[in-house]
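In what follows, every chain begins at residue 1, and chains take the letters A, B, ... in the order their sequences are listed.
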Amino acid sequence: MTDNTQRPATGGISAPENLPTQYAPAEVEGQLYERWVERGYFAADAKSDKEPYTIVIPPPNVTGSLHLGHAFEHTLIDALTRRKRMQGHETLWQPGMDHAGIATQNVVERELAKEGKSRHDLGREAFTERVWQWKAESGGQISGQMRRLGDGVDWSRERFTMDEGLSRAVQTIFKKLYEDELIYRAERIINWCPRCLTAISDIEVEYQDDDGELVSIRYGEGDSSIVVATTRAETMLGDTAVAVHPDDDRYRHLVGTEIELPLTGRRIPVVADEHVDPEFGTGAVKVTPAHDPNDFEIGRRHGLPNLAVMDEHAVITAHGPFQGLDRLEARSAIVGALRAEGRIVAEKRPYSHSVGHCSRCKTTIEPRLSMQWWVKVGPLAKAAGDAVRDGSVTIHPKEMESRYFGWMDNMHDWCISRQLWWGHRIPIWYGPDGEVVCVGPDEEPPSGEGWHQDGDVLDTWFSSGLWPFSTLGWPERTESLEKFYPNSVLVTGYDILFFWVARMMMFGLYAMDGTPPFRTIALHGMVRDQFGKKMSKSFGNAVNPLDWMDTYGSDAVRFTLTRGANPGVDVPIGEDWVQASRNFANKIWNATRFAMMNGATVEGELPPAAELSAADRWILSRLNSVVAEVDAYYEDYQFSKLSETLFHFAWDEIFDWYVELSKTTFAKGGPAADASRRVLGEVLDVTLRLLHPVVPFVTETLWTTLTGRESVVIADWPAAVLVPGADAPNGFSDRAAEQEIGTVQQVVTEVRRFRADQGLQPGQKVPARLDLTDTPLAAHEDAIRQLLRLQPEGDRFAATATLPIAGATVALDLSGVIDVEAERKRLAKDLAAAEKEKAQTTAKLGNEAFLAKAPEPVKEKIRTRQATAEADIERITAQLAALPQR
RNA sequence: GGGCGCAUAGCUCAGCGGUAGAGCGCUGCUCUUACAAAGCAGAUGUCGCUGGUUCGAACCCAGCUGUGCCCACCA
């Protein structure tokens, strides 16, 4: 769709005089969003001929609400898709949510606990029903918040990982993996959360240093005794060996013998194993195969029994005085008992060591031997690594690749079964005679006496790994799947590179016959507070982005986040910065308002180059450069750069100079004013379109008012700026005009500085007289007078000094009103700076090595600097000489 | 224990081989008819330390110090 096919805007603010002097974001944002949705701007059509552009949302948890991290990620995705939409792509921003197995089950269980019930009181079916009910009532508040942010997602395609369709996808791939022998069942040591009562995968374990106590315990008696050290004394009840290094002479004589395990009356063997580090501690380690992953491996190598002494709640089950104690009670009880027997030979307290915690509830993980389902990741991870290695998928920023490879190349098999009720139930049925049957989506499960389904559900990341294609209808070959797979880019935080990205890569390549789920992975950083500290609820520095959006507008929040977004780098954000962004929005608002009140227009062709003033040509030339810069930054995911570029171009160049210069032109009227009105309209039109992906709301209001067209959402993305009559088919460029306006700026700034230094009031009468006759600035005399607020015709003064700034002559009155000493001081400072600059450049140009080796453009630059310094010295010396003598 | 990153203005960060930048904060002056959520002007840095490469280093190399993150089975 192009601009001229758009209908005129209806309703809302349509005339500049209706725009209030201050921008009030809250009043317009909500209505604009609903209008966009109603008009179907965000709907993606699988039948379209346009080139597709697809991004899937990293699905937020149903339990979640929008925090700044989401706001950040969504802003980046939204900006990318909005731009592509304007560029004429068939754009899909796929929304949806994740069922978040453990997290959601925990929330609902907590709710039940308030009623004094547990999930077991309800039973499996009623409990899951209850979760669905919870989801319907309070889950998914995030979608309302996404609307507030302005996320241009296709709501008609919203998906949930527990939807029927997505569940079919889960079952389908499970069966495929099972049949390819990439899913298997095995008894291993897994990470067990004794509070959630489920296994969790390695990456769901968070390690942190905890203070513990390292006790050294003497096993056995006399010459055949061995001292072992442990932080987990309670597991000794399950010890089935002591291990030493095979080459350790201290213990060589004991290998193969049995020694007494204290408190139990059992005798356990001493085994030799390479895993033991003879340098650490006493060089002897107790072996508890049922409660430690390393010990399990040692046990397997030596055929040791696995003796479990704790149940799923981490309560001791071993017969004896410790039965019924939980692991911590048991630990101190056992240490006490050992001490009483004189078995404790050393204690080190506190002893800081790394302990695993459940990422969901922070409970200390208990390694536990149990039967679980696993994905054999070897071949899948290999393919996922290769896809990046061979360049079919690229990672931004590139430094993150090494992390990705490090993970993919060393991935352990993935434990996918969870002892939960909320999630995709494992499609495995067991028969009365030990049969195991995997049931596909359209198959009848076996029935009859003794058949039952596996009670576990799948890891929540199993279904989110299918997200890039399950949301498009897979396993069916739908039109949407054909059109929108693979996704164009994945935008997500580096923190879930392994949780999520790795899984999508493996499953995508596997399910889609080697086609990766996306071509590019663009990783962003984490949002932090204004001091660079991690935001967390417990630390009290977490911010609710909705509060800021209410106060300053969604655009302000979005612009702040984008402005801080360097690829892969964390983003600090503080309220001051949101305020600054709001000020920017207000500035755009007022500048556009001014332009419209002065008749700026987008109607008709741009006037031919010959009819444009230097200022017009300058700003159009700059506009053309900015369009190109912004495009380049978008292609490289340099959000910070593109926002910064637009911010400075709009404020420093358009608003501070072009708009100010145009005031004089408008006041004069005539054809020059008409030309300028058209140029100002053009510049704002293009700039608003460039800004729209980042600040959609304020640009929509202003652009529709300025142009009278339907919506900037469906406007064309700006292309090269073309001016009739200018021989510049790839975009208008006018270096001479840029230089000329640069000189005007220099003169005006110089005089302003003089006046500020002199403390001269603007109301005070004409302290400077301009004589620009026969200079290139003659044409700008009126504008300069206006900018300096000089009287149209100043009196002549007796004592004057001239400032030969780039050929212009500014005559300054130095009689009477000025502070001669202050001026002398200022000039002396400037003179010193200029002389230093001259000395530096002269030294450089006198350096033979420099002249021989430096490239020509650099030398040219230095020569220019030298010339400028010399001119400055001449000028300042003249000014000093002209100062009244006393 | 490995791997990766970072140290630049009071704060948060750009710059990554040719005169030190931005936003906020700070100091003056100004209600100039788009905007005081503004305008104009200004101050502020031996670019962590030490060496090296180069005509030239904030930028490249080495070492050091400090700091952050990721991974890892050290009892």
Atom [atom1] of [X] to atom [atom2] of [N]: distance rounded to whole Å?
{"X": "A:His291", "N": "B:A75", "atom1": "NE2", "atom2": "C1'", "value": "16 Å"}
{"X": "A:Lys861", "N": "B:G17", "atom1": "NZ", "atom2": "P", "value": "13 Å"}
{"X": "A:Asp636", "N": "B:G15", "atom1": "CG", "atom2": "C1'", "value": "15 Å"}
{"X": "A:Phe584", "N": "B:A38", "atom1": "CZ", "atom2": "C1'", "value": "15 Å"}
{"X": "A:Phe594", "N": "B:A37", "atom1": "CZ", "atom2": "P", "value": "20 Å"}
{"X": "A:Asn191", "N": "B:C73", "atom1": "CG", "atom2": "C1'", "value": "12 Å"}
{"X": "A:Ile496", "N": "B:C71", "atom1": "CD1", "atom2": "C1'", "value": "18 Å"}
{"X": "A:Arg218", "N": "B:A75", "atom1": "CZ", "atom2": "P", "value": "21 Å"}

Test item: side-chain donor near acceptor, [X] and [Y], under 3.5 Å:
{"X": "A:His412", "Y": "A:Asp202", "result": "no"}
{"X": "A:Thr560", "Y": "A:Ser581", "result": "yes"}
{"X": "A:Tyr552", "Y": "A:Asn586", "result": "no"}

Indicate the atoms forming the closest heavy-atom contact of A:Pro262 with A:Leu338, along with that distance.
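Heavy atoms of A:Pro262 and A:Leu338 come nearest at CB-CD2, 3.7 Å.
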
Under 4.0 Å between a side-chain N or O of [X] and OP1 or OP2 of [N]?
{"X": "A:Trp651", "N": "B:G39", "result": "yes"}
{"X": "A:Arg753", "N": "B:A41", "result": "no"}
{"X": "A:Lys663", "N": "B:A34", "result": "yes"}
{"X": "A:Thr749", "N": "B:A41", "result": "yes"}
{"X": "A:Lys641", "N": "B:G15", "result": "yes"}
{"X": "A:Asn410", "N": "B:C71", "result": "no"}
{"X": "A:Lys587", "N": "B:G39", "result": "yes"}

Both distances below 3.5 Å, Watson-Crick or wobble geometry, any strand: find the nucleotide opposite [N].
{"N": "B:A38", "value": "B:U30"}
{"N": "B:C11", "value": "B:G23"}
{"N": "B:C71", "value": "B:G1"}

Hey, is A:Glu856 close enough to A:Arg863 for a salt bridge, meaning N to O under 4.0 Å?
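Salt bridge present between A:Glu856 and A:Arg863.
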
For the side chain of [X], starting at C-beta, report the closest nucleotide among [options].
{"X": "A:Glu399", "options": "B:C35, B:G5, B:G18", "value": "B:G5"}
{"X": "A:Ala580", "options": "B:C73, B:A34, B:C24", "value": "B:C24"}
{"X": "A:Val276", "options": "B:G18, B:A37, B:A75", "value": "B:A75"}
{"X": "A:Thr230", "options": "B:A75, B:C73, B:A34", "value": "B:A75"}

For [X], answer base if it contacts any base atom (sugar-phosphate contacts may also be present), sugar-phosphate if it contacts only those atoms, and nothing otherwise; contact means non-hydrogen atoms under 4.0 Å.
{"X": "A:Arg582", "answer": "base"}
{"X": "A:Gln840", "answer": "nothing"}
{"X": "A:Arg528", "answer": "nothing"}
{"X": "A:Val659", "answer": "base"}
{"X": "A:Phe655", "answer": "base"}
{"X": "A:Pro855", "answer": "base"}
{"X": "A:Asp495", "answer": "nothing"}
{"X": "A:Lys829", "answer": "sugar-phosphate"}
{"X": "A:Pro572", "answer": "sugar-phosphate"}
{"X": "A:Asp277", "answer": "base"}
{"X": "A:Asn566", "answer": "sugar-phosphate"}
{"X": "A:Glu837", "answer": "base"}
{"X": "A:Tyr207", "answer": "nothing"}

Pairwise [atom1] distance, [M] and [N] [rounded to whole Å]:
{"N": "B:G48", "M": "B:C16", "atom1": "P", "answer": "16 Å"}
{"N": "B:C31", "M": "B:C24", "atom1": "C1'", "answer": "24 Å"}
{"N": "B:G42", "M": "B:A34", "atom1": "P", "answer": "25 Å"}

May I ask you to decide if A:Val227's main-chain N or O and A:Thr282's side chain share a donor-acceptor pair within less than 3.5 Å?
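Pair found, side chain donor or acceptor close to backbone of A:Val227.
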
Examine distances only and state if a side-chain atom of A:Lys859 and a backbone atom of A:Leu851 form a donor-acceptor pair shorter than 3.5 Å.
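Looks like yes, one N/O pair under 3.5 Å.
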
B:C74 base to A:His275 side chain: any donor-acceptor pair below 3.5 Å?
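Flag unset: no donor-acceptor pair detected.
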
Any N/O donor-acceptor pair, A:Gln579 side-chain to B:A37 base, under 3.5 Å:
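No such pair is found, so the answer is no.
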
When you match A:Gly283 and A:Arg752 each to their closest nucleotide on RNA chain B, which lands nearer the 5' end?
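Counting from the 5' end, the first nearest nucleotide belongs to A:Arg752.
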
Residue whose nearest RNA chain B nucleotide is more 5′ - A:Ser402 or A:Glu660:
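Looking at the nearest nucleotide for each, A:Ser402 comes out on the 5' side.
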
Please say whether the positively charged group of A:Lys587, taken as NZ for Lys or CZ for Arg, lies over the ring of A:Phe647, i.e. under 6.0 angstrom from the six-membered ring centre and within 45 degrees of the axis.
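Judged by the rule, A:Lys587 and A:Phe647 form no cation-pi pair.
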
